[in-house]
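A short write-up of the structure that comes next.
Note that these values count all heavy atoms, side chains included, but never hydrogens, waters or copies made by symmetry.
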Amino acid sequence: MKTYTAKAGEVEHGWFLVDAQDKVLGKLATQIAVRLRGKHKPEYTPHVDTGDYVVVVNAAKVRVTGRKTERKIYYRHSGYPGGLKVTNFAKLRAARPERVLQHAVKGMLPKGPLGYAMLKKLKVYAGGTHPHSAQQPKALEIG
């Protein structure tokens, strides 16, 4: 019996819609990362992007457990000496709510060109509307 490996041209990419309202950030991010990577499909191949597109709405209403709202810290660096920028979860969610979920999912995807391509299939919106209705995304319930 031969092992099946997916080819890039043969893969069907579906579209899924996720409502992030009152969902825990980490649990939501893991399920989204699995969908983006394609590990839920039987034709999953590690070196081919077999994942689906995921549209997330209501990202501003995602929640975290414990005291992460004031204690979770995000770092970024400008590349210049002394260029470290620090912000916490509450400030980042108030300013750019979609970045919180993107950051969590990005850390769960592989690093390199394949991981960057997978991350581009994630569409996150702070509100309840999205411009991807033409793709007819199927509702995906994540618990």
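- Follow the hydrophobic side-chain contacts under 4.5 Å out from Leu25 and you reach Leu119 in the same cluster.
- Taking CD1 from Ile32 and CE from Met118, the interatomic distance works out to 15.0 Å, rounded to the nearest 0.5 Å.
- For the atom pair CG (Leu28) and OG1 (Thr30), the distance works out to 7.5 Å, reported to the nearest 0.5 Å.
- Among residues two or more places apart in sequence or in another chain, the side-chain hydrogen bond (donor to acceptor under 3.5 Å, both in side chains) test is passed with Arg71 by none.
- The cluster map of Ile, Leu, Val, Met, Phe, Trp and Tyr, joined by side-chain heavy atoms under 4.5 Å apart, puts Val105 and Phe89 in the same cluster.
- In this structure, Tyr75 has no side-chain hydrogen bond (donor to acceptor under 3.5 Å, both in side chains) partners at least two apart in sequence or on a different chain.
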Donor-acceptor pairs under 3.5 angstrom involving side-chain atoms of residues 50-70: please list them, not counting sequence neighbours.
| unit_1 | atom_1 | unit_2 | atom_2 | d |
| --- | --- | --- | --- | --- |
| Thr50 | OG1 | Arg37 | O | 3.4 |
| Asp52 | OD1 | Gly14 | N | 2.9 |
| Asp52 | OD1 | Lys41 | NZ | 2.9 |
| Asp52 | OD2 | His40 | NE2 | 2.9 |
| Asn58 | OD1 | Gly128 | N | 3.4 |
| Asn58 | ND2 | Asp19 | OD1 | 2.7 |
| Arg63 | NE | Asp22 | O | 3.4 |
| Thr65 | OG1 | Lys68 | NZ | 2.8 |
| Arg67 | NE | Glu70 | OE2 | 3.3 |
| Lys68 | NZ | Thr65 | O | 3.3 |

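- Scored by the ring pair (Phe, Tyr, Trp, His ring centres under 6.0 Å) test, His103 finds Tyr74 as partners (sequence neighbours excluded).
- Put simply, Leu84 and Ile73 are part of the same group of oily side chains (I, L, V, M, F, W, Y) that touch within less than 4.5 Å, one to the next.
- Residue pairs that meet the salt bridge (charged side-chain N to carboxylate O under 4.0 Å, His left out) test with at least one member in residues 106-120, sequence neighbours left out, do not exist here.
- Atom CD of Gln31 is separated from atom CZ of Phe16 by 12.5 Å, given to the nearest 0.5 angstrom.
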Donor-acceptor contacts, no H, no angles, side chain residues 94-102, under 3.5 Å, sequence neighbours left out:
| unit_1 | atom_1 | unit_2 | atom_2 | d |
| --- | --- | --- | --- | --- |
| Arg96 | NE | Glu98 | OE2 | 3.3 |

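- Residue pairs that meet the salt bridge (charged side-chain N to carboxylate O under 4.0 Å, His left out) test with at least one member in residues 72-85, sequence neighbours left out, do not exist here.
- Contacts of Tyr116 classified as side-chain hydrogen bond (donor to acceptor under 3.5 Å, both in side chains), with partners at least two apart in sequence or in another chain: none.
- The list of side-chain hydrogen bond (donor to acceptor under 3.5 Å, both in side chains) pairs with a residue in residues 129-143, not counting sequence neighbours, reads Tyr125-His132.
- Under a 3.5 Å cut-off, the side chain of Thr45 and the backbone N or O of Glu43 do form a donor-acceptor pair.
- With a 4.5 Å cut-off between side-chain heavy atoms of Ile, Leu, Val, Met, Phe, Trp and Tyr, the cluster of Val48 takes in Val11.
- Note on Val124 and Leu140: same hydrophobic cluster, where clusters join Ile, Leu, Val, Met, Phe, Trp and Tyr whose side-chain heavy atoms are under 4.5 Å apart, directly or indirectly.
- Cluster membership check: Leu92 shares its hydrophobic cluster with Leu122, using side-chain heavy-atom separations under 4.5 Å among Ile, Leu, Val, Met, Phe, Trp and Tyr.
- With side-chain heavy atoms closer than 4.5 Å counting as contact, directly or through intermediates, Tyr80 stands alone and belongs to no larger hydrophobic cluster.
- Listed by chain and residue number, Asp49 satisfy the side-chain hydrogen bond (donor to acceptor under 3.5 Å, both in side chains) test with Lys121 (two or more places apart in sequence, or in another chain).
- The distance from the NZ atom of Lys23 to the CD1 atom of Ile142 is 7.5 Å, given to the nearest 0.5 Å.
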